[in-house]
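Worksheet: the structure to be examined is printed underneath.
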Amino acid sequence: MDNNKNRAVVRVPGTSANCGPGFDCLGLATTIYNYLDLTLLRNGKVIVESTGEGAENIPRGRRNLTWQAVRRILQEVKREDEFKGAIIRMRNNVPISRGLGSSSTAIVAGLVAANDILGSPLNRNDLLRLATELEGHPDNVAPALFGGFTVSVMNEGAVQTFSFLPRVKLKLIVAVPDFELSTRLARKVLPRSVSMHDAIFNVSRASMLIAALVEGREDLLPLAFDDALHQPYRKKLVPGMSAVFEAAKSAGALGAAISGAGSCLIAFTTLRSRLEEKIAAAMVEAFKAAGVKSKALILDVDKHGAQIMRR
Ligand code: HSE
């Protein structure tokens with residue numbers, strides 16, 4: 001049944017948005033991956049098969065997010081009459097609803113795989129525009145597409161992204177608690193306006209974070225991961241958050257933050273410090289003391305973004 005000409009396999013990294021002070025604009029790609037094996041069909045069947053993280057809860061049929069991305073690109077390039085369905089096979093490693101960009105991987109995978117099958121009519125910036133439209137914000141889809149760190153700016157509905165590889169060799173420690181957190185809820189607890197003091201707090205740190213990463217100034221990073229715009233309000237949604245941050249820093253982390261809208265917490269250290277195991281154990285222990293079961297992932301920054309594995 002599979003027609004190889006109409007098939008592509010892609011790998012897309014999980015991501016961590018915000019990175020502390022960069023609310024809704026900074027993101028980074030990590031070395032945990034979801035895989036999509038996509039076949040475009042001329043008939044109208046949408047077949048979804050998934051294994052791994054959250055497999056039992058992933059929508060089948062036309063409600064599936066990857067299908068929606070595939071359909072969107074088919075519309076964009078005016079080929080929706082040619083391909084009316086798809087076989088979507090997913091192998092997922094990125095935990096669902098934990099702030100590691102699982103929905104972005106589903107969207108980006110669908111766009112990149114379908115674009116490849118269609119002969120690459122769209123470039124990565126076009127794909128970023130469609131992915132941002134589908135996801136609603138750019139801070140996870142941008143690193144999922146480009147890899148590395150990304151800075152994204154929305155201007156009258158259009159997205160502009162700068163992506164770069166940090167000159168500090170970072171290790172990422174992600175504490176994954178055993179509960180999900182919806183982004184909608186995590187946004188509902190945020191205030192409608194913030195003080196000038198808090199705005200300056202974040203603008204200065206976000207700027208310092210990017211400057212330090214671009215220039216390889218590890219010495220400036222301990223200042224740079226703190227936030228006053230979203231984390232203080234989300235604290236009540238992640239029991240033990242402050243204690244986990246403190247534990248990570250006491251174990252030697254340069255800084256710690258909520259990953260995206262949570263529930264994962266992420267700490268940053270350098271490759272050469274070799275402190276990642278110690279930091280991971282301290283974070284899991286601090287979560288435990290707050291009554292939360294968790295596991296730790298030790299990851300690197302992904303350098304490639306979404307990649308075609310085979311055609
Ligand atoms: N920047 C978004 C938020 C990320 O923190 O709400 C959601 O994935």
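All values derive from a computational prediction rather than experimental measurement. For ligands, and for the atoms within them, numbers begin at 1 and follow the listed sequence.
Using a 4.0 Å cut-off between heavy atoms, R234 contacts ligand 1 through its side chain alone, with no backbone atom that close.
Summarising the geometry of L38 relative to G110, their closest heavy-atom pair is CD2-O, 4.3 Å, with the distance given to 0.1 Å. Taking every heavy atom of both residues into account, W67 and K84 meet most closely at CH2-O, 3.5 Å.
Of all atoms in ligand 1, numbered sequentially from 1 with element shown, those under 4.0 Å from a heavy atom of D24 are 1 (N), 2 (C), 3 (C). Contact atoms of ligand 1 toward F23: 3 (C), 5 (O), 6 (O) (distance under 4.0 Å to a heavy atom of the residue). Atoms of ligand 1 found under 4.0 Å from any heavy atom of N18, numbered from 1 in the order shown, are 1 (N), 3 (C), 5 (O). Taking every non-hydrogen atom of R187 and a distance limit under 4.0 Å, the qualifying atoms of ligand 1 come out as 1 (N), 2 (C), 3 (C), 6 (O).
Using a 4.0 Å cutoff on heavy atoms, H137 counts as a contact of ligand 1.
For the residue pair D227 and N18, no side-chain donor N or O sits within less than 3.5 Å of a side-chain acceptor on the partner. With hydrogens and angles left out, the side-chain atoms of T15 and N140 include a donor and acceptor closer than 3.5 Å.
Given atom 8 (O) of ligand 1, the protein heavy atom at minimum distance is N140 ND2, 2.9 Å.
Of the residues T105, N93, T66, the one that meets the side chain to side chain donor-acceptor pair (under 3.5 Å) test with N34 is T105. Checking R89, R91, R60 one by one against E49, the salt bridge (Lys or Arg N to Asp or Glu O under 4.0 Å) holds for a single residue, R89.
Around atom 4 (C) of ligand 1, the closest heavy atom drawn from D139, I258, T183 belongs to D139.
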